[in-house]
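Treat the numbers as computed from the prediction; the structure is a model and nothing was measured.
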Amino acid sequence: MPETSLRRTDAKAFFANERTFLHWMSTSVTIGGIAAALSGVAGHAHRHWGDEFTERAIVVRVVSLVMLFISVTIAVWAGLNFQKRAIFLEAKADGPYDSRFLPVLLTVCMVLSMSVVFGGAVYRLTST
């Protein structure tokens, strides 16, 4: 088994770490943008469309806040993961380089929040 100081880390690994970080940040910005748009629409609906939309506006605002929280969580997690992997690469350590728990948790949260939006749209469509 070779010494860790004698191992050579491929330069591609550092760039792969950066690409992964940038992909997660892009996802975070996209989700944050969707959350901001939902919040803006809910605010507009609450002010201009009357009291019949107040309940729906509150639900949409809650969904947008959940999505904003998810966006911030992704950004923080991406930064921490990038640093952890960079330390492992500089130390030429064996890893672990993967992370399984948080991506699954974030996916479940996103599916739930989008299901609420979809359910609200179906409810509105069928109630008219």
Side-chain angles (χ1 to χ4, degrees):
M1 185 164 176
E3 292 266 333
T4 56
S5 61
L6 298 177
R7 286 188 193 164
R8 182 185 149 135
T9 304
D10 207 6
K12 292 186 284 187
F14 290 101
F15 294 126
N17 188 27
E18 288 178 8
R19 277 193 312 273
T20 303
F21 171 70
L22 291 174
H23 283 293
W24 278 109
M25 291 304 291
S26 174
T27 302
S28 174
V29 168
T30 301
I31 293 170
I34 293 169
L38 283 174
S39 182
V41 167
H44 179 79
H46 180 69
R47 283 190 301 277
H48 299 289
W49 294 348
D51 291 336
E52 63 191 52
F53 291 100
T54 301
E55 276 185 36
R56 294 179 190 145
I58 290 172
V59 170
V60 171
R61 282 187 180 176
V62 168
V63 169
S64 72
L65 287 175
V66 168
M67 290 179 68
L68 189 60
F69 174 75
I70 290 170
S71 173
V72 170
T73 303
I74 290 172
V76 169
W77 174 79
L80 293 174
N81 228 8
F82 174 75
Q83 288 298 325
K84 180 184 84 169
R85 289 175 181 159
I87 290 168
F88 283 155
L89 287 170
E90 287 173 3
K92 298 176 176 78
D94 285 335
Y97 289 99
D98 63 337
S99 53
R100 296 178 184 175
F101 176 70
L102 195 57
V104 171
L105 179 66
L106 293 173
T107 302
V108 167
C109 289
M110 286 303 301
V111 166
L112 288 175
S113 61
M114 295 312 256
S115 296
V116 168
V117 172
F118 179 74
V122 168
Y123 174 75
R124 177 163 162 81
L125 186 67
T126 58
S127 67
T128 55

Engineer: At what distance, to the nearest 0.5 angstrom, does CD of Q83 lie from CD1 of I87?
Structural biologist: 6.0 Å
Engineer: Using the side chain to side chain donor-acceptor pair (under 3.5 Å) criterion, which residues pair with S99? Sequence neighbours excluded.
Structural biologist: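 S99 satisfies side chain to side chain donor-acceptor pair (under 3.5 Å) with N81 once adjacent residues are dropped.
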Engineer: In this structure, would L105 and W77 fall into the same cluster of hydrophobic residues linked by side-chain contacts under 4.5 Å?
Structural biologist: yes
Engineer: Taking distance alone, no hydrogens or angles, what donor-acceptor pairs closer than 3.5 Å link side-chain atoms of residues 34-42 to residues at least two apart or in another chain?
Structural biologist:
none

Engineer: Is V111 reachable from W24 through a run of I, L, V, M, F, W or Y residues, each pair having side-chain heavy atoms under 4.5 Å apart?
Structural biologist: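 No, no single cluster joins them.
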Engineer: With clusters built from Ile, Leu, Val, Met, Phe, Trp and Tyr whose side-chain heavy atoms come within less than 4.5 Å, directly or transitively, what are the remaining members of the cluster of Y97, listed by chain and number?
Structural biologist: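 Answer for Y97: F14, F88, L89.
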Engineer: Establish whether V60 and V116 are linked, either directly or via other cluster members, by ILVMFWY side-chain heavy-atom contacts under 4.5 Å.
Structural biologist: yes
Engineer: Rounded to the nearest 0.5 Å, what separation is found between the CD atom of E18 and the NE2 atom of H23?
Structural biologist: 11.5 Å
Engineer: Tell me, which pairs form a salt bridge (Lys or Arg N to Asp or Glu O under 4.0 Å) where one or both residues lie in residues 65-91, sequence neighbours left out?
Structural biologist: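 Every candidate salt bridge (Lys or Arg N to Asp or Glu O under 4.0 Å) pair involving residues 65-91 fails, so no pair, neighbours aside, qualifies.
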Engineer: Is there a path of hydrophobic side-chain contacts, each under 4.5 Å between heavy atoms of I, L, V, M, F, W or Y residues, that connects V62 with L112?
Structural biologist: no
Engineer: Could you list the residues that satisfy side chain to side chain contact (heavy atoms under 4.5 Å, CB included) with F21, not counting sequence neighbours?
Structural biologist: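 Listed in chain order: M25, A78, F82.
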Engineer: In this structure, would F69 and I74 fall into the same cluster of hydrophobic residues linked by side-chain contacts under 4.5 Å?
Structural biologist: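 No; I74 is not reachable from F69 via cluster members.
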Engineer: Quick one: hydrophobic cluster around V122, which other residues, with the 4.5 Å side-chain cut-off, linked directly or via members?
Structural biologist: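 Reading the cluster by chain and number, V122 sits alongside F118.
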Engineer: Whether the side chain of S71 engages the backbone of M67 through a donor-acceptor N/O pair (distance < 3.5 Å, no angle test) should be reported.
Structural biologist: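 No.
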Engineer: Rounded to the nearest 0.5 Å, what separates atom CD1 in I70 from atom OG1 in T27?
Structural biologist: 12.5 Å
